[in-house]
Amino acid sequence: MIDFHCHLDLYENPADIIRECVRRGVYVLSVTTTPSAWHGTMELSRGIKGIRTALGFHPQVAAQRIGELKLFDSLVDETRYIGEIGLDGSPEFKDGWDQQVTVFEHILSACEKNGGKIISVHSRKAVPEVLDMIEKHHHAGTVVLHWYSGSHADLERAIEMGCWFSINPAMILGKKGTSLISKMPIDRILTETDGPFSTVNGRMAMPWDIEEVVTRLAALWKVSKPTVRSQIKKNLFKILKES
Ligand code: MN
């Protein structure tokens, strides 16, 4: 099982969650929301091969934390994974829009200078702007659009630009999400939970809830669950090799 976007550090009991991930063999991309969270989050899974920590700067905190860009720059060499970064166009974050753009652009430039990264990107209500920025910084690395919820036209554009997609249980439950997922290239899909922020069956999502996505992808692609698992695993190897 592969959870390519999970906030392990934001669970109440990260050590227990990590132990359970190891027991169940869940590979996790442990994303962070601020540069100052990087060291502590990395320490949580030190020595665990199946858990990788990404250096992030969440658009929803970009305005308050813009002072952490220097810290971001000092850490960017330490990992090949960046995220969660991006833009959020929701009304409640509009006041900080200019700072969001500054932070996102700064980070993509830093990724370009550092040889290309694997980047988990948030694009809620801001897909066109996110894609414009990625196009402008196309040497930043391999972009994985996490929880994509934009239009079909923008999805086509993202596919043409070479973006990847990570799919979570909340997305694959709805009609719109399912219709979008059916258009995504099978060899550029990864699974995620976005735990603890998303819910599965009315409770907080855990990394092993990836199983829910596997079940639904199997139905959507009309293949068996083992086939879905091996496809996602193949995709993970591919993104690691090509990036
Ligand atoms: Mn997230």
Side-chain angles (χ1 to χ4, degrees), residues 1-14 17-18 21 26-38 40-42 44-45 51-65 68 72 79 81-90 92-93 96 100 103-104 107-108 111 117-127 129-131 133-134 141-150 158 163-174 177 180-181 184 189-200 203-210 212-213 232 236 239:
M1 282 194 278
I2 294 155
D3 185 349
F4 209 70
H5 183 115
C6 183
H7 301 263
L8 286 178
D9 62 329
L10 300 181
Y11 284 98
E12 226 170 81
N13 46 350
I17 306 282
I18 289 168
C21 286
V26 189
Y27 171 104
V28 182
L29 181 65
S30 167
V31 294
T32 53
T33 53
T34 60
S36 52
W38 157 259
T41 306
M42 201 185 53
L44 288 173
S45 60
I51 299 181
R52 302 297 161 96
T53 308
L55 173 62
F57 207 140
H58 200 291
Q60 296 175 353
V61 300
Q64 304 97 284
R65 302 296 192 110
E68 288 189 35
F72 183 94
T79 176
Y81 305 94
I82 301 296
E84 169 168 9
I85 63 163
L87 296 173
D88 193 311
S90 311
E92 60 267 46
F93 302 109
Q100 285 191 45
V103 167
F104 189 39
I107 291 174
L108 292 176
C111 292
K117 303 284 189 184
I118 295 174
I119 312 169
S120 187
V121 173
H122 174 112
S123 59
R124 187 163 73 150
K125 294 190 161 46
V127 175
E129 294 87 347
V130 163
L131 295 181
M133 198 79 93
I134 292 166
T142 307
V143 169
V144 182
L145 293 175
H146 122 81
W147 202 332
Y148 179 87
S149 59
C163 294
W164 285 59
F165 304 90
S166 54
I167 311 295
N168 65 42
M171 275 173 86
I172 204 163
L173 276 171
L180 289 166
I181 293 162
M184 295 171 182
I189 286 181
L190 292 164
T191 45
E192 63 157 68
T193 60
D194 201 18
F197 295 120
S198 64
T199 54
V200 174
R203 55 161 180 81
M204 188 188 289
M206 298 295 182
W208 44 92
D209 287 318
I210 284 303
E212 189 74 19
V213 185
I232 301 297
L236 177 67
I239 198 170

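We count ligands from 1, going down the list as the structure has it; atoms in each ligand are counted the same way.
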(message) With 2.8 Å as the threshold, which protein atoms of type N, O or S lie near the Mn ion (ligand 1)? Leave waters out.
(response) H5 NE2, H7 NE2, E84 OE1, D194 OD1
(message) Give me the atom names and distance for the closest heavy-atom approach of S36 to E68.
(response) N-OE1, 2.8 Å
(message) Are more than 12 heavy atoms, taken from residues, nucleotides or ligands other than E92, located less than 6.0 Å from that residue's CD atom?
(response) yes
(message) Given V144, which partner from the list I239, V121, I189, I119 fulfils the side-chain contact (heavy atoms from CB on, under 4.5 Å) test?
(response) I239
(request) Ignoring hydrogens and angles, state whether a donor on the side chain of R124 or S90 is under 3.5 Å from an acceptor on the partner side chain. (result) yes
(request) Mind listing the closest non-hydrogen atom pair of T41 and D9 along with its distance? (result) OG1-OD2, 3.2 Å
(request) Measure the shortest side-chain to side-chain distance between P207 and Y27 over non-hydrogen atoms and say whether it is less than 4.5 angstrom. (result) no
